[in-house]
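Heads up: the structure comes next, in structure tokens.
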Amino acid sequence: MATAAGQAAQAPGARPIGRVMAQVAMVMNLDKCIGCHTCSVTCKQAWTNRSGVEYVWFNNVETRPGQGYPRQYEDQDKWRGGWRRTAGGKLKLRAGGRLKKLATIFANPVMPSIRDYYEPWTYDYESLITAPLGDDMPVARPYSLISGEPMKVEWSANWDDNLAGGPEIASGDPIARKLGEKVRFSFEETFMFYLPRICEHCLNPSCVASCPSGAMYKRAEDGIVLVDQEKCRGWRMCVTGCPYKKVYFNHKTGKAEKCTLCYPRVEVGMPTVCSETCVGRLRYLGVILYDVDRVSEAAAVADEHDLYEAQLGVFLDPEDPDVRAAARRDGIPDRWLESARRSPVYALAKRHKVALPLHPEYRTMPMVWYIPPLSPVVDALTGTGHDGEDAGNLFGAIESLRIPAEYLAELFTAGDVAPVNASLRRLAAMRSYMRRINLGEERDETIAAAVGMRGRDIEDMYRLLALAKYEDRYVIPTAYGVDDADRGVIEEVGCSLDTDGGPGMGGMGGPIPFGEASGQPPPASVETFHALRERQTSDGGGHLAGRVNLLNWDGNGTPDGLFPPSGSGGGGAAADRPPDGAGAPEGGAR
Amino acid sequence: MTWLDQALWGVLPYLVLLVLIGGTVWRYRFDKFGWTTRSSELYEKSILRIASPLFHFGLLVVIIGHVVGLAVPKSWTEAVGVSDTMYHVMALSLGIVAGVCTLVGIALLIYRRRTNGPVFSATTVNDKVMYLVLVAAIVAGLATTVLSAGADLAGGHGHDYRVTVSVWFRGIWILHPDVAAMAAATPAFKLHVLIGMALFALFPFSRLVHAFSAPVQYLFRPYIVYRSRDPIPGRASRPAQRGWG
Ligand code: HEM
Ligand code: SF4
Ligand code: SF4
């Protein structure tokens, strides 16, 4: 199945290495996701707990099969996201090229409306305390945060969690529909898993390509895709452009916002908030070196099934001396090269080939990859009374449980079951190989050989996937201009925007001439961490007590204010705090 | 030519220009974050899908019409053989069609603003003032066109703004506004010009600034934009040490 691009990478001598770039990429191990939504909630606390983005979840967790968020976003016949290959072999934006974009700029014909996400709401909690004494329990009724009217809550970002709503809702799953009626039914009875999603920070981002103002960009140093809040003019074409629907429109500021891969944290070597707080400890962050000059060609291969291999072909081997020389030539610092060598993402995606891209058929070359879940297979086996850790049994089950594999293939390999099966077989091999070791039996190289690996590789994979130590999961070099001394010093209290008169305190750092959404957004950056620290350790920041910004918390210890004070006098700190919702920080993403 | 004429057609245009240019520069420097269309499509799209293109495309034709009518001297069009009648028939018919599109478009937009809950609550006082002036300008403009067309149809000759307003307008740019020419225009034209000036003065301070950033450069740039991490000035910034980029 290897394509031209794939082979070229295996034999780097065959073709000179083009411009090398580095990308901080992510892998998620779906077997371990328990669907707890901790990642979504901590992300929201850090980035989207402001008005205008109430409905926005940079990180969301979907139950599959299910419709996803926004509803049925995978139906590209409807939403027209991503790229399309023309008969001539060129890539075009599915929603139309430059001229069409400008011609339809006055009203974007395929933009999701708030109802496709969900109408955000709050409750009139006040009625709980102000209701007159009576026989009936007072209730807090839901109110729309969009219109301010009372509303009936009918849908949300995870309304179909754990298949809540049953087959009617699951049958709206675009992938289940693709697989057909019969399959869907048996499938629903056997298989369910969680899919946490963030922006893919694609190598060939269609959101960036769709932005008429050029406000969206991919950072050359670390590949993070961002929206420049000062250049965005609210043409809202990026929302349509992203096939994963991971660019959102802030309806208060009139600007697009998206997952930032927590760049202020990543720049100083800290993992993203979602990774840091993941209960399953299933997220991996690491550097991938890639050849930019090969991206568009790989994204345009004719057969959708080749896209996965083509993307692997774009990734460069950090151990290869030629690659290292080319990387140095292109200005990548040695620190980053070292980091790339230890990258868990490279190991899982390319060395062990267990991680797969999400919807490669969108041709955006996504950079958040997934290890498909083996547990449904194991569960099915043990459910029938078989030994769920025996390699032979597992291999057989993977072959025979066709429907889950086909569903996973629609998610991860444009419908090609072979790579999904190969990945599941490696996971199965790891299980039985390691069981023998745990039981004190001999190492059985034949198990490893059956999946084209060596015992050593399996143990390496085991260390990454099962032991999953913090240092192995997150291998993130610091941004240039910031040195390792910054690591760990960022334990902190308070929100960087909460200076006197600052945006967090209800202002935009000055008079507000054009409403709450005007002025200059304060940049969230490495430097502001230092400023923040200074502010917090100097006098005059007293009113910050009691606030913890998770964005800056490195997971060590418990900063003051993480938990409410125990004992007496606890109300003091909260008392001189402004009322909640008094103008939250705007425009974090730049 | 009274002192009022002098003030309105000799001085005011320059004040408006000053406000327009100065205001735009100021707004751009201090409020890039507020510089946006403030699209409301997320809230409501079925009316918007008809109203917004109707309004904008109509307006674009109207703007082109203004540029031709005001900037191109009568002698030029006559030189290329376009007779006065031909010009008028063209300009009036096209003007009426475009003007009506614009008017219907903006009427629908305002109806939507008023009746759709979320859109209404996202409407600021600034928006309301802007809409008032914008609608007034369009209505007054359309009125002048209709009056001229009416006069033409009645067999007579409507007021020829190309020998009054246009001459005055071109004079502004060579710092020699022909106040007498403008003073000779009909009251309808005077009103339209005054409202137009109010609109220009309001422009930099309203959401209308989005028109200045019409993204034509999109046609010429490569699809994927790469950018290096911004050095962010701030009191705690440190000199870049080892590093790259
Ligand atoms: C060619 C340049 C222009 C472009 C590309 C443009 C584009 C847009 C866009 C995308 C919207 C947002 C529609 C939405 O999603 O809610 C909008 C709204 C608007 N534009 Fe323009 N525009 C342009 C020129 C103008 C001009 C010259 C004017 C008036 C002098 C104008 C007046 C308006 C108004 C009043 C609205 C608000 C509509 C509403 O939501 O009620 N635009 N424009
Ligand atoms: S997933 Fe992220 S980088 Fe890729 S197209 Fe969507 S918003 Fe852009
Ligand atoms: S925190 Fe981890 S385990 Fe919990 S839903 Fe998110 S990804 Fe899954």
Side-chain angles (χ1 to χ4, degrees), chain A residues 98-99 101-102 105-109 111 113-114 146-149 204-205 208-209 211-214 216-222 229-236 249 251 253-255 267 331-333 479-481 483 513-515 517-521 523 525 527-528 530-531 534 586-587 590, chain B residues 27 30-45 48-57 116-118 120-122 124 126 205-207 210 213-219 221 223-245:
Chain A
R98 296 179 167 93
L99 282 173
K101 284 253 147 56
L102 292 194
I105 199 165
F106 303 120
N108 180 350
M111 180 168 157
S113 75
I114 191 80
I146 298 286
S147 65
E149 301 295 317
N204 188 30
V208 172
C211 172
S213 353
M216 293 191 73
Y217 60 99
K218 188 167 179 68
R219 287 214 303 199
E221 293 87 357
D222 51 19
Q229 292 291 303
E230 291 193 342
K231 285 179 92 187
C232 173
R233 299 285 170 255
W235 306 123
R236 33 115 181 84
F249 196 77
H251 59 89
T253 65
K255 305 229 163 179
E267 282 176 356
I332 295 182
Y480 61 93
D483 54 40
F514 306 108
S518 64
Q520 285 164 314
S525 70
E527 285 78 5
T528 59
H530 296 283
E534 194 183 299
E586 303 284 357
R590 308 186 69 233
Chain B
R27 176 98 188 256
F30 294 105
D31 186 30
K32 290 197 192 74
F33 189 47
W35 194 292
T36 147
T37 62
R38 296 227 325 275
S39 164
S40 53
E41 187 165 353
L42 194 67
Y43 301 139
E44 196 281 341
K45 55 187 305 171
L48 185 85
R49 275 203 60 185
I50 299 164
S52 182
L54 199 61
F55 166 72
H56 279 97
F57 284 121
N116 187 289
F120 185 54
S121 46
T124 61
N126 188 313
F205 312 104
S206 68
R207 61 151 56 182
H210 72 270
S213 40
V216 266
Q217 76 280 8
Y218 183 49
L219 293 174
R221 71 142 218 261
Y223 266 140
I224 310 294
V225 178
Y226 294 96
R227 223 167 98 177
S228 278
R229 184 175 162 261
D230 289 341
I232 294 146
R235 56 182 160 149
S237 69
R238 47 169 70 199
Q241 297 153 351
R242 319 163 262 150
W244 55 301

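Not measured: the values here are computed from a predicted model. Proteins get letters first, then strands, A, B, ... in listed order; numbering begins at 1 in each.
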What are the two closest heavy atoms between A:Val208 and B:Arg221, and how far apart are they? O-NH2, 2.9 Å
Below 4.5 Å, heavy-atom pairs only: which of B:Phe120, B:Tyr43, B:Phe55 has the largest tally toward chain A? B:Tyr43
Nearest atoms (heavy-atom pairs only) where A:Arg98 meets B:Tyr218: NE-O, 3.0 Å
Below 4.5 Å from any heavy atom of chain A, which atoms of B:Ser121 appear? Answer side chain, backbone, both or neither. side chain
At a heavy-atom separation under 4.5 Å, does A:Leu99 approach chain B through its side chain, its backbone, both, or neither? both
Say you draw a straight line from OG of B:Ser228 to CZ of A:Arg219; how long is it, rounded to the nearest 0.5 Å? 9.0 Å
Counting C-beta onward and ignoring hydrogens, is there a side-chain heavy-atom pair between B:Val216 and A:Pro212 closer than 4.5 Å? no
Can you tell me how far the CD atom of A:Glu267 sits from the CZ atom of B:Arg229, to the nearest 0.5 Å? 4.0 Å
Is A:Cys232 close to B:Thr36 at the side-chain level, that is, under 4.5 Å between some pair of heavy atoms? no
Of all heavy-atom pairs linking B:Gly117 and A:Ser147, the shortest is C-CB, 4.5 Å
Closest-packed option against chain B by number of heavy-atom pairs under 4.5 Å, given A:Ala209, A:Gly214, A:Ser213, A:Cys211: A:Ala209
Validation row: B:Leu42, A:Met111 side chains within 4.5 angstrom (heavy atoms): yes
Side chain, backbone, both or neither of B:Ala214 within contact of chain A (heavy atoms, under 4.5 Å): backbone
Is the charged tip of B:Arg49 near the ring of A:Phe106: under 6.0 Å from the six-membered ring centre and within 45° of its axis? no
With a 4.5 Å cut-off on side-chain heavy atoms, are A:Asn108 and B:Glu41 touching? yes
Residues B:Ser213, A:Trp235; criterion side chain to side chain contact (heavy atoms under 4.5 Å, CB included); working and verdict: CA-CA 10 Å; B:Ser213 40; A:Trp235 306 123; 4.3 Å; yes
Considering only heavy atoms, which portion of A:Ile114 lies under 4.5 Å from any heavy atom of chain B: side chain, backbone, both, or neither? both
Where B:Trp35 and A:Lys255 come nearest, the two heavy atoms and their spacing: O-NZ, 3.6 Å
With a 4.5 Å cut-off on side-chain heavy atoms, are A:Phe249 and B:Ser39 touching? yes
I'd like to know which of A:Lys218, A:Met216, A:Arg233 tops the heavy-atom pair count under 4.5 Å against chain B. A:Arg233
Could you tell me if the side chain of B:Arg38 sits less than 4.5 Å from the side chain of A:His251, heavy atoms only? no
For residues A:Gly234 and B:Thr37, report the shortest heavy-atom separation together with the two atoms involved. O-OG1, 2.8 Å
Any side-chain heavy-atom pair from B:Ile224 and A:Pro205 closer than 4.5 angstrom? yes
